Participant: 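What follows is a single structure, and I will ask about it in a moment.
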Protein chains: 2
Amino acid sequence: MIDAEAISWRSIHLELLRRITEREWPPGSVVPNEADLAAEFGCARTTVHRAMRELAAAGLIDRKRKAGTRVALHPISRVVLDIPIIRLEVEQRNAEWSYGLLKQDMRVAPPSITARLGLERGTRMLHIASIHFADNHPFLHEDRWINVDALPAVAKVDFSAISANEWLIQNAPYTSGDIAFSASTADGPLAELLAAAEGAAIFVVDRITWNGAVPITVVRLSYAPGYRLKTRI
Amino acid sequence: MIDAEAISWRSIHLELLRRITEREWPPGSVVPNEADLAAEFGCARTTVHRAMRELAAAGLIDRKRKAGTRVALHPISRVVLDIPIIRLEVEQRNAEWSYGLLKQDMRVAPPSITARLGLERGTRMLHIASIHFADNHPFLHEDRWINVDALPAVAKVDFSAISANEWLIQNAPYTSGDIAFSASTADGPLAELLAAAEGAAIFVVDRITWNGAVPITVVRLSYAPGYRLKTRI
DNA sequence: TAGTGGTCTAGACCACCCT
DNA sequence: GGGTGGTCTAGACCACTAC
């Protein structure tokens with residue numbers, strides 16, 4: 001049959017969302033199975049499945065084969081953060097991005113770095129420190145260690161011409177990573193670099209990326225005071 | 001035809017991912033259309049579509065009707081944060097959760113609060129301040145304003161028995177919200193409440209939620225020093 | 001206007017897992 | 001064992017938009 005009066009999966013999604021948020025289907029209760037809902041809405045089971053997959057991805061329902069579908073007991077907010085290249089993050093604030101390289105040298109990485117990457121103690125890595133500016137004001141400090149063994153090409157790059165952040169995203173694919181957000185205080189050198197008061201609160205992002213089992217880089221981004229990472233639910 | 005040797009959308013997803021990360025399809029290049037890929041992989045177009053939808057959701061490709069599909073120029077990391085109820089967050093750290101109510105009173109909300117919610121100046125709201133503990137150590141300070149007009153039932157709740165965080169999640173559906181993460185320093189009263197040193201760096205989450213166009217609540221969570229919000233890419 | 005992605009259908013088989 | 005969600009197919013029409 002052609003879709004003479006086809007029901008959209010979005011309308012079903014909204015209706016199911018309504019039944020959940022209005023407690024028509026309270027937390028923990030069993031939701032009718034896909035076949036029954038398809039009959040109720042007069043559509044194909046695939047269409048119901050499409051709607052329910054969205055709800056499951058949002059964490060609002062729990063689905064198990066044979067056991068059926070239940071409304072989640074503890075609805076969690078699932079927040080999506082888009083983390084762009086730093087240059088774009090600055091430009092999206094309608095500010096002019098610029099960049100200054102502070103350090104670029106091969107050296108034995110400290111144990112705290114090698115341990116987090118699962119590399120041997122004493123491994124030589126590329127250390128890069130730099131500052132990103134927004135309209136000539138310090139925006140963030142980037143402190144990075146790169147596993148040169150995984151990226152031989154990186155040894156020849158001039159990171160005064162392109163930021164490590166941008167070069168890596170364009171040239172070093174990765175398959176997984178860890179991210180941690182925290183708060184820290186600006187010690188002497190960092191405070192000076194960020195033009196911040198000594199002891200100012202600094203928003204910090206720590207990030208490690210791997211390509212398969214191969215560690216690529218570990219980086220700490222220290223944002224100038226006042227930075228807020230925003231998103232919508 | 002039955003799926004005698006059906007290709008799974010996951011295998012196609014992985015293959016397309018490989019072509020993108022290994023620059024076989026470089027950033028900005030045009031990807032073959034769904035029909036061609038279906039022919040190449042010997043599967044239905046729907047299956048290719050399923051795989052490409054995942055890539056589009058991850059921000060790796062940009063899709064437009066008629067214009068076709070291109071590899072994204074600036075691959076962004078899309079990070080998913082799961083924000084649970086505070087009690088569960090503590091318990092997931094294998095710590096015992098407890099809770100202390102500091103304030104619960106109706107009062108005229110400050111203009112900074114009403115402005116953010118789009119309410120009239122001088123609106124009376126329910127103000128709640130509390131501390132959440134992990135193993136009897138301060139974990140976070142919750143400072144919250146609730147729009148009582150939207151939730152009449154909230155006026156009768158005893159928030160010394162249940163945290164506002166948990167009551168709202170279980171009783172106040174919302175459809176959208178803003179979240180902001182930032183760093184702040186602990187001033188005198190907050191430092192004392194969190195058992196932190198004066199001037200310690202505090203990880204702060206500001207959150208506003210709406211149900212449709214109706215503002216529900218605005219809350220500031222101030223975490224004790226050392227807190228890290230972690231996730232994986 | 002023509003080509004592309006987006007969606008829906010009806011049917012089928014499979015994988016999982018509770019009972 | 002049997003019911004449930006997960007997936008795939010082949011086909012169709014629609015919506016959007018670059019050309």
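Just so we're clear, the structure is a prediction, and the values are computed from it rather than from any experiment. Proteins come first, then strands; the chains are lettered A, B, ... in the order of their sequence lines, and each starts at number 1.
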Participant: I'd like to check the side chain to side chain donor-acceptor pair (under 3.5 Å) partners of A:Arg78; sequence neighbours left out, ordered by chain and number.
Facilitator: B:Asp82

Participant: Using C1' atoms of five pairs at each end, report the bend of the helix from C:dT1-D:dA18 to C:dC18-D:dG1 rounded to 10 degrees.
Facilitator: 10°

Participant: Can you work out whether A:Thr69 or B:Cys43 has the more 5'-proximal nearest nucleotide on DNA chain D?
Facilitator: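 Closest to the 5' end, via its nearest nucleotide, is A:Thr69.
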
Participant: How many angstroms lie between atom OG1 of B:Thr47 and atom CG of B:Leu37, to the nearest 0.5 angstrom?
Facilitator: 12.0 Å

Participant: Report the relative orientation of the aromatic rings in B:Trp97 and B:Tyr99; use parallel for angles under 30°, tilted for 30 to 60°, perpendicular for over 60°.
Facilitator: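 The arrangement is parallel - the two ring planes meet at less than 30°.
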
Participant: May I have the distance from A:Met52 (atom CE) to D:dG5 (atom C1'), rounded to whole angstrom?
Facilitator: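 From A:Met52 CE to D:dG5 C1': 9 Å.
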
Participant: Check for me whether the distance between the ring centres of B:Tyr223 and B:Phe139 falls short of 6.0 Å.
Facilitator: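 Centroid distance B:Tyr223-B:Phe139: below 6.0 Å, so yes.
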
Participant: Pairs under 3.5 angstrom, nitrogen or oxygen only, protein versus nucleotides 16-19 of chain C, please.
Facilitator:
none

Participant: For a quick test of reading the model: is some side-chain N or O of B:His49 closer than 4.0 Å to OP1 or OP2 of C:dG5?
Facilitator: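 Indeed not, no polar side-chain atom of B:His49 lies that close.
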
Participant: Between atom CZ in B:Phe41 and atom C1' in D:dA10, what is the gap in whole Å?
Facilitator: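 So the two atoms are 19 Å apart, to the nearest Å.
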
Participant: Check if the side chain of B:Arg45 and the base of C:dG6 share a donor-acceptor pair of N or O atoms closer than 3.5 Å.
Facilitator: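 Answer yes: a donor N or O sits under 3.5 Å from an acceptor.
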
Participant: Roughly, in whole Å, what's the span from CD in A:Glu54 to C1' in C:dG6?
Facilitator: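 Result: 13 Å.
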
Participant: Taking the side chain of A:Glu34 as heavy atoms from C-beta outward, which of D:dG6, C:dT7, D:dA10 is closest to it?
Facilitator: D:dG6

Participant: In this structure, how many angstroms lie between the P atom of D:dT4 and the CZ atom of A:Arg53, rounded?
Facilitator: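 It works out to 20 Å between those atoms.
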
Participant: In this structure, how many angstroms lie between the P atom of D:dA18 and the CG atom of B:Asn33, rounded?
Facilitator: 17 Å

Participant: Where is the tightest heavy-atom contact between B:Glu142 and B:Asn165, given as atom of each residue plus distance?
Facilitator: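 Answer, listing the atom of B:Glu142 first, then B:Asn165: OE2-N, 3.3 Å.
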
Participant: According to the interplanar angle, ranging from 0 to 90°, do the rings of A:Phe159 and A:Trp167 count as parallel (below 30°), tilted (30 to 60°) or perpendicular (above 60°)?
Facilitator: perpendicular

Participant: Between D:dC13 atom P and A:Trp9 atom CH2, what is the distance in whole Å?
Facilitator: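 Checked: the CH2 to P distance equals 23 Å.
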
Participant: Whole angstrom is fine here: how far is it from CZ in B:Arg50 over to C1' in D:dA10?
Facilitator: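 Between C1' of D:dA10 and CZ of B:Arg50: 19 Å.
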
Participant: Rounded to the nearest 0.5 Å, how far does CG of B:Leu168 lie from CD1 of B:Ile146?
Facilitator: 4.5 Å

Participant: Check the phosphate of D:dG6 against A:Arg63, side-chain N and O only, distance under 4.0 Å to OP1 or OP2. Yes or no?
Facilitator: yes

Participant: Short question: side chain of A:Thr175, backbone of A:Gly212 - any donor-acceptor pair under 3.5 Å?
Facilitator: yes

Participant: To the nearest angstrom, how far is A:His13 atom NE2 from C:dC8 atom P?
Facilitator: 13 Å

Participant: Taking all atoms of both residues into account, what is the closest heavy-atom pair of A:Ala134 and A:Ala95, and its distance?
Facilitator: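 Between these two residues, the closest heavy atoms are CB-CB, 3.9 Å.
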
